[in-house]
Amino acid sequence: MDFSTRTAAADAVKTDCVAVGVFAGGELATQARAVDTASKGALRAAVKSGDVTGKRGATVMLRCLPGVAASRVLLVGLGGRKEFSDKAFIEAVRTAVKGAGPGVKELAIAAADWLPAGRDSRWQARQLVLAAREAVYRVDELKSKKEDGNGGPERVVLVLSSRDAAAEHGLAQGTAIANGVELTKRLGNLPANICTPAFLADEAKKLGRSHKLAVEILDRKRIEALKMGSFLSVAKGSTEPPRLIVIKHEGAGSKGKAAAPIVLVGKGITFDSGGISIKPSNAMDEMKFDMCGAASVFGALRAAAELKLKLNVIGVVPACENLPSGTANKPGDIVTSMSGQTIEVLNTDAEGRLILCDALTYAERFKPAVVLDVATLTGACVVALGEVNSGLFSADDALADELLAAAKAAVDPAWRLPVQDEYQELLKSNFADMANLGTTGKAGAVIGACFLARFARAYPWAHLDIAGTAYKGGPAKGATGRPVPLLTEFLMQRAG
Ligand code: BES
Ligand code: MN
Ligand code: ZN
């Protein structure tokens, strides 16, 4: 789907379909009024008939209106003008794209006053692309028969009353972010028998070739040489060999203050059975999504490259499987992390932190400006925040605020939870420097973050627990592509 702007009156756009808005109570949006006037009252007549109410999500298609250049006019219900929120805009775009029908090759959207309070045309254009691409996204890579029919219009045109460079830029930004989101979804949705650590490494190399990113893959030997005993202890339960994947976007050169990179660390457990502390079989298939943190790092790097951000960004992904076997971690095993700190593995299912801690230590070598790790880390975070907010943890208030602002702007919400020393005593072990989970079972998401904090002392750091937001279960099962919009927004802000 291609996106562009066109400067014209809504009634004069020669296209397959022009979508115009109707607010609650049948109030026509500005560009809808132009179409109404040109058609000598066809829209008002439709409102008067009772067919068009402006109810959010409702659509009515009118054809061959006299005086209107487009072959079809799609009336999109927007709901109340005063309550017109971010969500309402996103829903309206989705409604328009889905409502256009299979005959519409080019859809023009006249969205001039579909603007939530406090948002500008750049934001609107960006979200329009994301919402439209989301609306038609399909997972059919592994289906032998592809669904045909409404994959959405080939072209979407944003109809503007005057030229707007910010809107054009917003469309380009939206396209880059959507490309990142779709990479993340694709990798997340692939099953663990295909999406192995080696597969992820190959995908990173492909991304490197297509997007001019420097990619380095470290195999087991080199991971051993780095003394990543904690990461390797998880990996050794599986016959699939581990990989440490490093992807670099070098947008800011190597000198000056701007050169210190932002490092994104992503949890890449390609399947989490729990290991010897095995999980219940119910919905265990969903643990193929345990590499969504890694996938979001891939997606954010793709977006950063396409946006040509003047910023150095480095993705670090430890990838392995967590399986039970004769060589797997056993409860009570003590492993030595790359940092030298020893860890008692009380529960082999708390494996994410065991691979991330070594990646966090590895990140020190880049002298980062900031390190963000992204992980489907705890079920406790899903209990706390559900599927709405990602959990955000940082002891650094300024960094936390920056990320929360990025989350708001990107409509990819996050909610801050604490990382405080008061919780650290729960990680006490009688036999090692720390245990890999809390002794009381309370505050599980916080404890996970506090564990990671012990390895993230050399730089400003934040942790995103995306266990509830990275994918959906149930009938709409699938990866969401979150938090790529949040991460990309953060990177765009940092790039200035
Ligand atoms: N990958 C899981 C976390 C998870 C759970 C993600 C549910 C998505 C949905 C993680 O490795 C895990 O198993 N965590 C344990 C930690 C516990 C043993 C301290 C959990 O949350 O139960
Ligand atoms: Mn686990
Ligand atoms: Zn896991």
Side-chain angles (χ1 to χ4, degrees), residues 188-189 192 195 197 200 230-231 233-235 237-238 240 242 265-296 317-324 328-333 343-357 359 373-391 393 417 423 426-429 434-452 463-474 477-480 482-483:
N189 287 331
C195 185
L200 279 179
S230 187
F231 175 23
S233 78
V234 178
S238 169
E240 286 294 342
V265 175
K267 174 177 174 183
I269 294 289
T270 56
F271 191 75
D272 181 12
S273 70
I276 297 295
S277 314
I278 199 161
K279 288 181 181 295
S281 54
N282 177 34
M284 203 203 269
D285 67 291
E286 291 180 9
M287 283 300 119
K288 72 174 183 176
F289 294 119
D290 214 20
M291 36 55 72
C292 281
S296 75
V317 167
C320 70
E321 283 188 337
N322 186 26
L323 292 186
N329 267 335
K330 301 169 291 296
D333 282 2
I343 304 161
E344 186 183 13
V345 182
L346 287 178
N347 187 317
T348 65
D349 197 11
E351 84 298 339
R353 60 201 74 180
L354 294 177
I355 70 169
L356 290 169
C357 67
D373 78 72
V374 190
T376 47
L377 200 70
T378 67
C381 192
V382 191
V383 174
L385 298 175
E387 297 182 342
V388 178
N389 284 289
S390 300
F393 302 81
L417 293 168
Y423 294 92
L426 296 173
L427 284 167
K428 196 177 153 315
S429 158
M434 71 194 85
N436 76 331
L437 79 168
T439 44
T440 64
K442 295 175 183 172
V446 175
I447 295 294
C450 286
F451 179 96
L452 296 176
H463 156 63
L464 284 164
D465 193 333
I466 57 166
T469 53
Y471 66 93
K472 288 191 165 72
K477 194 188 290 180
T480 61
R482 292 177 67 186

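Each ligand, and each atom within it, is numbered from 1 in the order the structure gives. Since this is a predicted model, take the numbers as computed values, not measurements. Along the sequence shown, the residues carry numbers beginning at 1. In what follows, every heavy atom counts, from backbone to side chain, and hydrogens, waters and symmetry copies are set aside.
- Within the structure, ligand 1 lacks F289 among the residues with a heavy atom less than 4.0 angstrom away.
- Near Y471, with a cut-off below 4.0 Å to any heavy atom, the atoms of ligand 1 are 8 (C), 9 (C).
- Of the protein's heavy atoms, M287 CE, 3.8 Å lies nearest to atom 7 (C) of ligand 1.
- Residues T469 and P483 fail the side-chain proximity criterion, which asks for heavy atoms closer than 4.5 Å.
- Within the 4.5 Å cutoff, the side chain of S273 has no heavy atoms near those of the M287 side chain.
- Looking only at distances, a side-chain donor or acceptor of D465 sits under 3.5 Å from a matching main-chain atom of T378.
- Side chain of D373 to main chain of V265: no donor-acceptor pair is present (N/O by atom type, distance under 3.5 Å, no hydrogens or angles).
- In K267, the part holding a heavy atom less than 4.0 Å from any atom of ligand 1 is the side chain.
- At a threshold of 4.5 Å between non-hydrogen side-chain atoms, the residues K279 and D272 count as touching.
- At a threshold of 4.5 Å between non-hydrogen side-chain atoms, the residues L426 and V446 do not count as touching.
- Taking only nitrogen or oxygen atoms, main chain and side chain alike, D349 reaches within less than 3.5 Å of ligand 1.
- Of all heavy-atom pairs spanning L346 and A435, the tightest one is CD1-CB, 3.6 Å.
- Comparing A375, A350, G379 by heavy-atom distance to atom 5 (C) of ligand 1, the nearest is G379.
- Of the charged side-chain nitrogens involved, at least one lies within less than 4.0 Å of a carboxylate oxygen, so that D290 and K267 count as a salt-bridged pair.
- For E286, the heavy-atom gap to ligand 1 stays at 4.0 angstrom or more.
- Nearest-residue assignment for atom 2 (C) of ligand 1 (options V382, D272, L437; heavy-atom criterion): D272.
- In this structure the side chain of L385 reaches within 4.5 angstrom of the side chain of L417, judged on heavy atoms.
- When side chains are defined from C-beta on, R353 counts as touching L437, because their heavy atoms get closer than 4.5 Å.
- For T376 against I466, the heavy-atom pair with the smallest separation is N-CG1, 3.7 Å.
- Here the side chains of F393 and L464 are not in contact, with every heavy-atom distance at 4.5 Å or above.
- Inter-residue side-chain proximity for T270 and E240 is flagged as unmet; no heavy-atom pair is nearer than 4.5 Å.
- Atom numbering of ligand 1 starts at 1 in the shown order; those under 4.0 Å from a heavy atom of T378 are 3 (C), 21 (O).
- Heavy-atom contacts of A467 reach the following atoms of ligand 1: 6 (C), 8 (C) (cutoff under 4.0 Å).
- Distances under 2.8 Å from the Zn ion (ligand 3) pick out the protein N/O/S atoms K267 NZ, D272 OD2, D290 OD2, E351 OE2.
- In terms of heavy atoms, I355 sits closest to G268 at CD1-N, 3.9 Å.
- Side-chain contact check for S277 and N347: at least one donor-acceptor pair (N or O, by modelled atom type) lies under 3.5 Å.
- Only the backbone of L377 comes within contact range of ligand 1, with a heavy atom under 4.0 Å; no side-chain atom does.
- Close N/O approach between D290 and ligand 1 is found [any backbone or side-chain N/O within under 3.5 Å].
- Proximity of F271 to ligand 1, defined as any heavy-atom pair under 4.0 Å, is not found for any part of the residue.
- Protein heavy atom closest to atom 16 (C) of ligand 1, with residue, atom name and distance, is R353 NH2, 3.9 Å.
- Those atoms of ligand 1 that come under 4.0 Å of a heavy atom in T376, given as number and element, are 1 (N), 2 (C), 3 (C), 6 (C).
- Across all their heavy atoms, F231 and P242 have their closest contact at CZ-CB, 4.0 Å.
- For ligand 1, the atoms lying closer than 4.0 Å to a non-hydrogen atom of E351 are 11 (O).
- The Mn ion (ligand 2) has D272 OD2, D349 O, D349 OD1, E351 OE1 as its protein N, O or S neighbours under 2.8 Å.
- The CZ atom of F289 lies 7.0 Å from the NZ atom of K477; values are rounded to the nearest 0.5 Å.
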